Visitor: 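The structure under discussion is supplied below as structure tokens; questions concerning it will follow.
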Amino acid sequence: MDQDSYRMLRENVDEFCARNVEPVSLKMEREGMASDLAKKSGTQGFNAAIAAQSNGGSALDRESYLTILERAARSSPSFAMFLLMQNSIAGRILEAAGKTGEIGEIASGAKTATVEFLSLNESSSAEYSINVSNGKATGKLRNVIFPSADLIVFLHQDSLYLARGSDGTEPLPVLGFRGLGLGDVVFRDRPVEKLSENGGAKLIMDALKNAGREVSAVALGITGRSVDMAVEYSRVRKTFGRPLKDYEPVAFQLAGFKAQEEELRSMIFFSSVQDGYIKPLATDLARRATKIALQVHGGYGYLEDFGVEKFYRDSMTLSIYFGPSRSDMRNLSREVYGEESGVI
Amino acid sequence: MDQDSYRMLRENVDEFCARNVEPVSLKMEREGMASDLAKKSGTQGFNAAIAAQSNGGSALDRESYLTILERAARSSPSFAMFLLMQNSIAGRILEAAGKTGEIGEIASGAKTATVEFLSLNESSSAEYSINVSNGKATGKLRNVIFPSADLIVFLHQDSLYLARGSDGTEPLPVLGFRGLGLGDVVFRDRPVEKLSENGGAKLIMDALKNAGREVSAVALGITGRSVDMAVEYSRVRKTFGRPLKDYEPVAFQLAGFKAQEEELRSMIFFSSVQDGYIKPLATDLARRATKIALQVHGGYGYLEDFGVEKFYRDSMTLSIYFGPSRSDMRNLSREVYGEESGVI
Amino acid sequence: MDFDFTEEQVKFREKAREFAEREFSSEVARKFDREEKYPEEIRKKAYAEHVIDYSDPWKVLIAIEELCRQDAGLGISATVPYFGEEVIMLFGSDHLKEKYLQPVNEGKSLMGLAVTEPGGGSDVAGLKTTARKEGKNYIINGAKMFITNGSIADFFVMLVRTSEEEKRHHGLSAFVVESRFPGFKANKLKGKLGVRATDTAELELNNVVVPEENLIGEEGKGFYYIMTFFNISRIFVAGQGIGIAQGAFDRALSILRRKGKAYSEKEEIQFAVAEMATQIQAARLITYKAASYLFNFKPDPTITSMAKKYAAETAVFVAEKALEVTGVDGISSDLERFYRDAKILEIWEGTSEVEKLIISRNILKEAQ
Amino acid sequence: MDFDFTEEQVKFREKAREFAEREFSSEVARKFDREEKYPEEIRKKAYAEHVIDYSDPWKVLIAIEELCRQDAGLGISATVPYFGEEVIMLFGSDHLKEKYLQPVNEGKSLMGLAVTEPGGGSDVAGLKTTARKEGKNYIINGAKMFITNGSIADFFVMLVRTSEEEKRHHGLSAFVVESRFPGFKANKLKGKLGVRATDTAELELNNVVVPEENLIGEEGKGFYYIMTFFNISRIFVAGQGIGIAQGAFDRALSILRRKGKAYSEKEEIQFAVAEMATQIQAARLITYKAASYLFNFKPDPTITSMAKKYAAETAVFVAEKALEVTGVDGISSDLERFYRDAKILEIWEGTSEVEKLIISRNILKEAQ
């Protein structure tokens, strides 16, 4: 694709979000993502953006997919996380497992999908009590992002399984990506399909590892929008008779974050730097930027209505869900040192 | 130039530095830069790297010049600062003033040049007491970087003047770039040549503004080398029976800085992001990275012999000499806001 | 120098902690957070059990710390019914003290402080709500924003403009305004990021008639009264910060303990634990120093502002670090609420930015 | 709680400040920095004028602060001749106290502490210098690195390995080793980043014969003695940190004052001033708390390590910020020296990393 095509794509995503995401963004935070948004997003080809066309996907190139994630995150990080889950995690895994039918369902938005992957994070000590026998699962999955999804991929004794729906979910306190939620998922003699014999953990870990730039694109969108909101607010909000933007610390900090946003963008889109380098920087930037953006809004920033506090919650959550976990940092260290390091 | 040519250039610079700079780097810190290094550097075409060939320059492209600065800074930030001063500051100003003869002298290393520019920094309140009449200057220039240079360009009543040598220098405490030094310069009925009638401050400011990416390249070299030294040291230095690199905080921090080095490199070399965005990030990174690099070296880092403390001093000095000064940040804010901001 | 609490204070701290641990269970805290409901019963119980003891400011500070340590939403709710009391105590007439403060001190009524206005914030002297004298009354018109206890308090200490002619802050006066006065309306603000058990409202004042005896102190001195009050209340906000920080730290340690040594002995984790502990220690000390000066009637506004700023930053820093070191376990626990709660401390009662200006101006003045 | 110094201490502080301002002029400080020379005359003068008063540890702490506030290189040089004394005081025989400590306390001789080895650093228990018993003597072989007063001290408290068989830190013992003993050699280390007036050396020990009465306390307990000492000395290092931070801050304020309001009233500058002042306040309080506990014979190693770590960070932070806000004026002034001096505090007497591990281990142990 040439630069004009990317620009057009970006405008398309922005227009879609302005029409279909922005207006329901707050509602989504409070009540979860409505299923019609998945369908609308499906008509745009966003849900299976990188899947093969033969499977109903859009087979977009990397830059296009990253663009979609970034722009979606600007309107609603929850929506961007939905797309990331459909494409980068569930999509990649299901496609690898040859589940072309499910890819088609995801592509159209007829079905939504999730993969339980937080149990693989070394910071998780939640214990599972799943039992699978005769193609039926009983027990509880812990800490599932988007527990209400139609298709639930999970790991059991290093095999991957697919469940269609669940027998109940138990919501957990959820800091970010509230549109998807977080909860435990209950199975009672639930029919499940085995996707892979052994090596399941590696499949999920590979999908997560491959999603480094994509997670960074979400962080970029969060950074960009929250800082833009703060820039706009600082133009109109006055204190001591002057707009906030006239004060050095406000203007300098926000300008500094725009600079870092550009730096991150050039790294994500235009450099060959490895994903492992980018993700920690991206999530860190998002966290720092959203904190300042909220602070610039003062008391209003603390209210959901103003739409800036969600970026503060989501950036933190992104950095917990996707790193930089210590294992990411260890991977990065291994690259730098060319040998094991950071093990104590 | 194609990528192979850049690689060859980089290797050339590295080889030059390994032979001519590294061995005298510590001596340069203690006693100042020896004049034969300027001549050797001249034979490589580094001293007038971006000047027109007709003036004796090498007319290199931007990427080549940035590469020279980065690689030079890895061996000796003082030497890199020498090149920056010859090329980006003195070179540009003298070339604009049509002083082709002087450019030739600088190119060969027969003469070295400096421009007094710290007085234009808003953080400077040093007062001048220069008097110029009948083509002769008397008085004192304050805070001159590289006061021992052969050609001294200075500002007086918004006109630019060129003095050949001085009637004495009074050294000031100098934190960084000790190879060039810092001091007051004394003139006593010194013949000077007027380079421009009025608008002199603007000429210098323009040269400084245009040097943003170049200053960033120096910061990049400082960052890269100091972190590399720390990485190497952490491989060999053991504590509690294990090499330092095995400890998470050491490995993770250094790996994180390598990531940021790559991010900065992609921004300096491969993105169209404006200089104003880059420089504050670059100098900030250099300061943070050199501090950690020194710390990893422990007590040895505190000794000049180990060659890492100079990066700590030079990165701070770079950020004071070239920003991000508050006026840089104001420029950046103006770009972001599209209007004046950060004025209170 | 003496850095220790008295035995009585130590005992009181244990009592407050015991109360909070008993009453503020994880389930209760989550419920009030979810429902955004003011915990009236808890407030009454805390009063009845003398966890709130207004006779000793040290006890108030300790109670705030220990209650917020368990849960900030509930802790602040239980300790904030007196918010603004010092303005009447220091500057109000005996009539006002008797009529309004007595029932508050008896736990029978709730009060609030109404200073901030929509679009206002830090710029107190720029406020626009007016009080116009008419006979023996003042008529108040305008609006107030982000008012704690706004929809539940029986009355407010309210700062309004009584003169347009005087220099900005000389034209302000403080009144006691009852919520049952005709023309008073409160709209509860829903959907806060954190401290969701606390009550916050926007107030509308539409020709509210306030009797002249409800003027606190002298006309035109309201700005000074409120600034004096903030130099007191900031210390208690610092106490909230220490409490939140300590509470997040407790929870992080308990998760780390559960995870075992292989996880918690990693150097990255250990460094984070040390950073948290050190900053909490520092925040505590500045707060106690500011409190010690104030409670001995020699307040130091510079140190008070330092305490507010530093304790607020500490709450935010520790809540963040606590999540970092506990990861998935932490973010699916009560720690996520601490993270949301903490942020308000950098905003209310003087943003960190305002505190910094106060500190710096005082210092640059002294230095001259 | 009481956060104030006694009147006597306040007076002593004034005296120490007056001494430092008089003796440590900018010219003198620059000269010793440039020449890397130990200021023997200044040390003697400080002793003669009772600026160094070892009878009261608070006075030692105050002197360190006030002297380092003026110049760290000279300040440390003047206050460090006793470095290691507590080891002998607490664990040494009467003979050692009389023979070695008395002349030190009379200002007649200088001592040092020799623990760190080349390639050693934080891992004290891993040291390699050995002492082998031969009759009534010990024979010491090995090397020591980064030893303060190394080339000027008359004797050292030296930690060496007396047994290879015991668990690493149980095989260590402490001795008094005189510099005039044959086989002792000191190589002064030149070219330090900062504190260049202080003397630092590498020691070589080649079959140095030390009489057995120079063993401090019991064989095999040296590690414990030295760790006990560090829990004392770290408080004084924290005092160096506060001093450097305050000194950098003083200078920044004075430059800002000279620059005038148009410059210093910019919000960025004001914020930085507030950050510096707050952090100095916090560092001071933790240090005084740790000191108060120690000087009352109830030391708290966790708080002591916090004090060392936090004060060191504060020195580095403030020196850096001071340069930032003063820019070209600052970097061409004495501030550049403060920036160089400060960094050593994060390295010596336990790097910040080691302090963090101590803090964290103590806390995680307590929490269990």
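Nothing here was measured: the structure is a model prediction, and the numbers come from that model. All chains are named by letter (A, B, ...) in the order of the sequence lines, taking the proteins before the strands, and each is independently numbered beginning at 1.
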Visitor: Counting C-beta onward and ignoring hydrogens, is there a side-chain heavy-atom pair between A:Gln295 and C:Lys343 closer than 4.5 Å?
Guide: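 A side-chain contact under 4.5 Å exists here.
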Visitor: Which answer fits C:Thr326, side chain, backbone, both or neither, if we ask what part of it has an atom under 4.5 Å from a heavy atom of chain A?
Guide: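 Backbone only.
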Visitor: So which of C:Lys266, C:Arg30, C:Arg258, C:Glu267 has the biggest tally of heavy-atom pairs under 4.5 Å with chain A?
Guide: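 It is C:Lys266.
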Visitor: Check this for me: C:Lys190, atom NZ, are more than 12 non-hydrogen atoms of other residues, nucleotides or ligands nearer than 6.0 Å?
Guide: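 Correct, the count exceeds 12.
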Visitor: Where on A:Tyr247 is there a heavy atom nearer than 4.5 Å to chain C: the side chain, the backbone, both, or neither?
Guide: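 Nothing of A:Tyr247, per the 4.5 Å heavy-atom cut-off to chain C.
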Visitor: Please identify, among C:Arg337, C:Glu268, C:Glu346, the residue contributing the most non-hydrogen atom pairs under 4.5 Å to chain A.
Guide: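 Most heavy-atom pairs within the cutoff with chain A belong to C:Glu346.
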Visitor: Output, in order, the C-alpha distance, side-chain angles, deciding distance and verdict of side-chain contact (heavy atoms from CB on, under 4.5 Å) for C:Arg340 and A:Leu175.
Guide: CA-CA 8 Å; C:Arg340 292 186 282 113; A:Leu175 181 61; 3.5 Å; yes
Visitor: Count the heavy-atom pairs under 4.5 Å between each of C:Ile269, C:Leu189, C:Val325 and chain A, then report the option with the highest count.
Guide: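 With the most close heavy-atom pairs to chain A, the winner is C:Ile269.
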Visitor: Check C:Val328 against A:Ile320 and note the closest heavy-atom contact, atom names and distance.
Guide: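 Nearest heavy atoms, C:Val328 then A:Ile320: N-CG2, 3.7 Å.
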Visitor: First locate atom OH of C:Tyr339, then atom CZ of A:Arg313, and finally report the distance between them rounded to the nearest 0.5 Å.
Guide: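 Reported to 0.5 Å precision, the distance equals 10.0 Å.
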Visitor: Give, as side chain, backbone, both or neither, the part of C:Glu320 having an atom under 4.5 angstrom from any heavy atom of chain A.
Guide: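 Both parts, backbone and side chain.
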Visitor: Can you establish whether the number of heavy atoms outside A:Lys202 located under 6.0 Å from its atom NZ is more than 12?
Guide: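 No, because the 6.0 Å sphere around NZ of A:Lys202 holds 12 heavy atoms or fewer from other groups.
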Visitor: Can you say whether A:Arg30 sits under 4.5 Å from chain C via the side chain, the backbone, both, or neither, judging by heavy atoms?
Guide: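 Looking at A:Arg30, just its side chain touches chain C.
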Visitor: Is there a side-chain contact between A:Lys291 and C:Val316 in this structure, where contact means two heavy atoms from C-beta onward sitting under 4.5 Å apart?
Guide: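 Of all side-chain heavy-atom pairs linking C:Val316 with A:Lys291, at least one is under 4.5 Å.
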Visitor: Does A:Arg287 come within less than 4.0 Å of C:Glu324, counting only side-chain N to carboxylate O?
Guide: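 A salt bridge is present here (some side-chain N lies under 4.0 Å from a carboxylate O).
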Visitor: Check the pair C:Ile331, A:Asn143 against side-chain contact (heavy atoms from CB on, under 4.5 Å), reporting the backbone distance first and the verdict last.
Guide: CA-CA 10 Å; C:Ile331 209 171; A:Asn143 294 342; over 6 Å; no
Visitor: Report which part of A:Tyr300 has an atom under 4.5 Å of a heavy atom belonging to chain C: side chain, backbone, both, or neither.
Guide: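 The answer is both parts of A:Tyr300.
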Visitor: Is there a donor-acceptor pair closer than 3.5 Å between any side-chain N or O of C:Asp123 and the backbone N or O of A:Thr239?
Guide: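 Between the backbone of A:Thr239 and the side chain of C:Asp123 there is no qualifying donor-acceptor contact (under 3.5 Å).
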Visitor: Are the charged groups of A:Glu304 and C:Arg196 less than 4.0 angstrom apart, N to O?
Guide: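 Answer for the salt bridge query: yes.
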Visitor: Between C:Thr200 and chain A, with a heavy-atom cut-off of 4.5 Å, which part of the residue counts as in contact: side chain, backbone, both or neither?
Guide: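 C:Thr200 has no heavy atom closer than 4.5 Å to chain A.
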Visitor: Heavy-atom distances under 4.5 Å only: say whether A:Leu303 touches chain C with side chain, backbone, both or neither.
Guide: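 The answer is both parts of A:Leu303.
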Visitor: Side chain from CB out, backbone as N, CA, C, O: work out which of these in A:Lys238 comes under 4.5 Å of a heavy atom of chain C, or both, or neither.
Guide: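 Contact with chain C is through the backbone of A:Lys238 alone.
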Visitor: Measuring heavy-atom distances to chain C, does A:Leu118 have an atom under 4.5 Å in its side chain, in its backbone, in both, or in neither?
Guide: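 Both backbone and side chain.
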Visitor: For A:Glu127, does the CD atom have more than 12 heavy-atom neighbours from other residues, nucleotides or ligands under 6.0 Å away?
Guide: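 Open.
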Visitor: Please determine, among A:Pro173, A:Ala126, A:Gly176, the option with the most heavy-atom pairs under 4.5 Å with chain C.
Guide: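 Sorted descending by pairs with chain C, the first entry is A:Pro173.
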Visitor: Between A:Arg237, A:Glu29, A:Glu309, which has the largest tally of heavy atom pairs under 4.5 Å with chain C?
Guide: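 Looking at each option in turn, the highest pair count goes to A:Arg237.
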Visitor: CD1 of C:Ile255 to OG of A:Ser125: how many Å apart, nearest 0.5 Å?
Guide: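 These two atoms lie 8.0 Å from each other.
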Visitor: Under a 4.5 Å heavy-atom cut-off, does chain C meet the side chain of A:Thr317, its backbone, both or neither?
Guide: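 Interface part for A:Thr317: both.
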Visitor: Is A:Val236 in contact with chain C via its backbone, its side chain, both, or neither, using a 4.5 Å heavy-atom distance?
Guide: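 Answer is neither: A:Val236 stays 4.5 Å or more from chain C.
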Visitor: Could you check if a side-chain atom of A:Ser123 sits within less than 4.5 angstrom of a side-chain atom of C:Lys259, using non-hydrogen atoms only?
Guide: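 Yes, side chains in contact.
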Visitor: A:Tyr302 and C:Asp341: which non-hydrogen atoms are nearest, and at how many Å?
Guide: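 Minimum heavy-atom contact is OH-O, 3.2 Å.
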